[in-house]
Structures are given as C-alpha cells and as structure tokens.
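Beneath this line is the structure, given in structure tokens, with notes to follow.
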There are 2 protein chains.
Amino acid sequence: MAQATERLQRYLDDELGECRSEDVERRLEELSTLEAGLGTAQAKAELDVLSALSSETRYTLVRVLVAAGEELCVCELQAVVDVTESGLSHALSALADAGLVESRKDGRWKKYRATNRVTALVTVLEGSVNTDE
Amino acid sequence: MAQATERLQRYLDDELGECRSEDVERRLEELSTLEAGLGTAQAKAELDVLSALSSETRYTLVRVLVAAGEELCVCELQAVVDVTESGLSHALSALADAGLVESRKDGRWKKYRATNRVTALVTVLEGSVNTDE
DNA sequence: CGGATACTTGACTACTTGCTCAATTAACTG
DNA sequence: CAGTTAATTGAGCAAGTAGTCAAGTATCCG
C-alpha cells in the first residue's frame, strides 16, 4: 500500500501541479468516504441481492415471477427451468434468503411470488440494459 | 419432464377442479411465454450485468465511481479495493466488458467513470435494499 | 535512446458455487 | 394407519471464477 500511495502522490502532482503530502492524505480520505458511502452492512446486503440474481436459473425464476405478477406453484416453476426438483428448491431458497421472493404454503403445494424489491430491480434492469448496441 | 407434467396436471386439477389435458398444455404455454418475455439475448445481457456486479471488488469499484460522479484514475481506485494492481485491472476490464464503466486514456494515466446504466442500477439497488429488516 | 512508471494480459491456482443424488419432512388420501 | 405426493435439506462433485505472479505494452523523461 505504500507503493500505491507514492503513485497517488505522483498522480496528484501531475493533476494539481503541486506535491504536498497533505493533499495525498486529503484525497485518500475523500476516497474512503466515497467507499463508505452508505454503511458497509447496506453494501453487503446489496451484494447479496446481486449474487442471488446472478445465476441463469435464479434470474429466470425471478423474471418469470415478476412477469407473472402473481404467485406461482413450485410445480409450475419446475416447467420453466431446467434443473432437478432439488435444484429448483435450492434456487428458490437462495432467492428467499436474499429477500427477493416470498413463499406461502397452500396445502401440499407451495407458492412463491416476487417481492416489490425485486420487481423494481428487474424493471430497471430491463429498461437500462438494451440489446441495441 | 414427463413426471413434471403429471405433477402440473395434478396441481391444475386441484386448483381448477377439472382435469383436461388441454388445460395443462395451455398453462405450459403461458409459462413459456412468461419466460420468453423480452428476448433471450436481452435476458443474457442482463445476466452479464448482474454477474459483473456480483463480486465484492467490482461492486465496490462501481459504487465508488457512482458516488464520485466523475472519472477516477486507476491509481485512485487502487486505494479503494484490496487487490493487486493486476487484480484491479482485471476487475475494471470485466466491468467495461459489461458496459458498466467507460475508460479514457490521459497521458500515462487511465481514468474510469461509471456509465449512466450502472448509475441508475446502483441508485435503485441502494433504494430498494434497506438494511432495516 | 534507456530507464522508469502506469497499466494490461495470460497462465495458473485456490476457492466458490450450482447442481445432482439420496434421504427427510410434511401434507393429503384411501 | 400406511402409502403417495410435494417440497426441502445435506453431502459431495464438476465447473466457474476471483485473485496472484510474471511478463508485456505504452507513455513519459532525462
């Protein structure tokens, strides 16, 4: 990290035309403030959400649940993804842990639905990612 | 999949109180329509974005760039994450591939900034994921 | 030019993760 | 109650991935 600081110093020299080490300190502080931003717990939670979504199987499930706009039975979701019953269960469980789907037991069937959180997210994703590039 | 169809049939029996196999066919079609939704290419692109974001290092970089609201030099970003110079370069390259950051060469320094796409995404993420639960 | 500096690239590795199989729990049905 | 069906859980494995090291490219400077 000492090396890195030297490089930053050279960079600031270049940018500002001056070289005081207090400028380096200040910049380091600014950067760490940016990183802290909202708490680390929050960032961790966001990362959990992203990790939960970043698998083809799980993202497909989420997209279907969001598109459906209503709760779907596990056995219906089974028709949508190409994994075993067990794999599907693991996937849904991961999504539930991340707060992206909610479940309700109905007799011997179990129904899952997308939470508001993930609905908003998928909507923005679909809007911001355009294939026309 | 044959097994799965039988289960779906039993489920629809339960739900609708009727058991015609054409109902099963119809439901399967509805589900596949939901899955198709926007094209598969689009879904793939969305998944790429999610995958690119779902690593602590890369997500931290993105959050910092978004919070900064301006371009930052690689050497500044180096102060933010805990990986080698090479690891940082790999991370930035992955983000660029996903269209989440853009880079510009400035003399011997290289500067990265967040794209609009990722700014929107991070904003929604931060808004929708609240740690108060 | 030759040396230093900023950053990237490719190969390799340790770790993570998504999946399957087998066993288990829970709810309905005769 | 025993048997069947729906779904979950845990163990283990194959494939993917984030990181490091070493070497390479590109830019500046004396």
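Values reported hereafter were calculated over all heavy atoms of this structure, with side chains retained and with hydrogens, waters and symmetry mates removed. So you know, we letter chains A, B, ... as the sequences are listed, proteins then strands, and number each from 1.
- For B:S93 against C:dT9, a side-chain-to-base donor-acceptor contact under 3.5 Å is absent.
- Taking atom CH2 of residue A:W109 and atom P of nucleotide D:dT8, one finds them 13 Å apart after rounding to whole Å.
- Here A:D13 does not pair with A:R10 in a salt bridge; the nearest charged N to carboxylate O distance is not below 4.0 Å.
- Listed nucleotides C:dC7, D:dG19, C:dT8 differ in distance to B:C75; the shortest reach to its side chain belongs to C:dC7.
- Rounded to an integer number of Å, the gap from B:L47 CG to C:dG18 C1' is 13 Å.
- For D:dC21, neither phosphate oxygen OP1 nor OP2 lies less than 4.0 angstrom from any side-chain nitrogen or oxygen of B:T84.
- Toward the 5′ end of DNA chain D lies the nearest nucleotide of A:G87, the other residue of the pair A:G87 and B:H90 mapping further downstream.
- When all heavy atoms of A:V122 and A:R63 are compared, the pair lying nearest together is CG1-CG, 4.3 Å.
- Between the CZ atom of A:R108 and the C1' atom of C:dT25 there is a distance of 14 Å, given to the nearest Å.
- In this structure, the separation between CH2 on B:W109 and CZ on A:R7 is 7.0 Å, given to the nearest 0.5 Å.
- Across the protein-nucleic acid pair, B:Q78 atom CD and C:dT8 atom P stand 11 Å apart, rounded to whole Å.
- Rounded to a whole Å, the OH atom of B:Y112 is 15 Å from the P atom of C:dA6.
- For the pair B:A52 and B:L95, the tightest heavy-atom approach, listed with the atom from each and the gap, is O-CD2, 3.8 Å.
- Looking at which nucleotide of DNA chain C each of A:K105 and A:S51 is closest to, the 5′-most match is held by A:S51.
- Taking atom CZ on B:R7 and atom P on C:dC28, their separation rounds to 16 Å, with Å as the unit.
- The B:E85 side chain lies nearest to C:dC7 when the options are D:dA18, D:dA7, C:dC7.
- For the pair B:L77 CG and C:dA6 P, the interatomic distance rounds to 15 Å; values are reported in whole Å.
- Listed candidates were D:dT20, C:dA6, D:dA6. Nearest to the side chain of A:R10 is C:dA6.
- A donor-acceptor contact under 3.5 Å links the side chain of A:S86 to the base of D:dT9.
- Salt-bridge formation is detected for the pair A:E30/A:R27: a Lys NZ or Arg NE/NH1/NH2 atom is positioned less than 4.0 Å from an Asp or Glu carboxylate oxygen.
- In this structure, A:K110 places its NZ atom 16 Å from P of C:dT25, rounding to the nearest Å.
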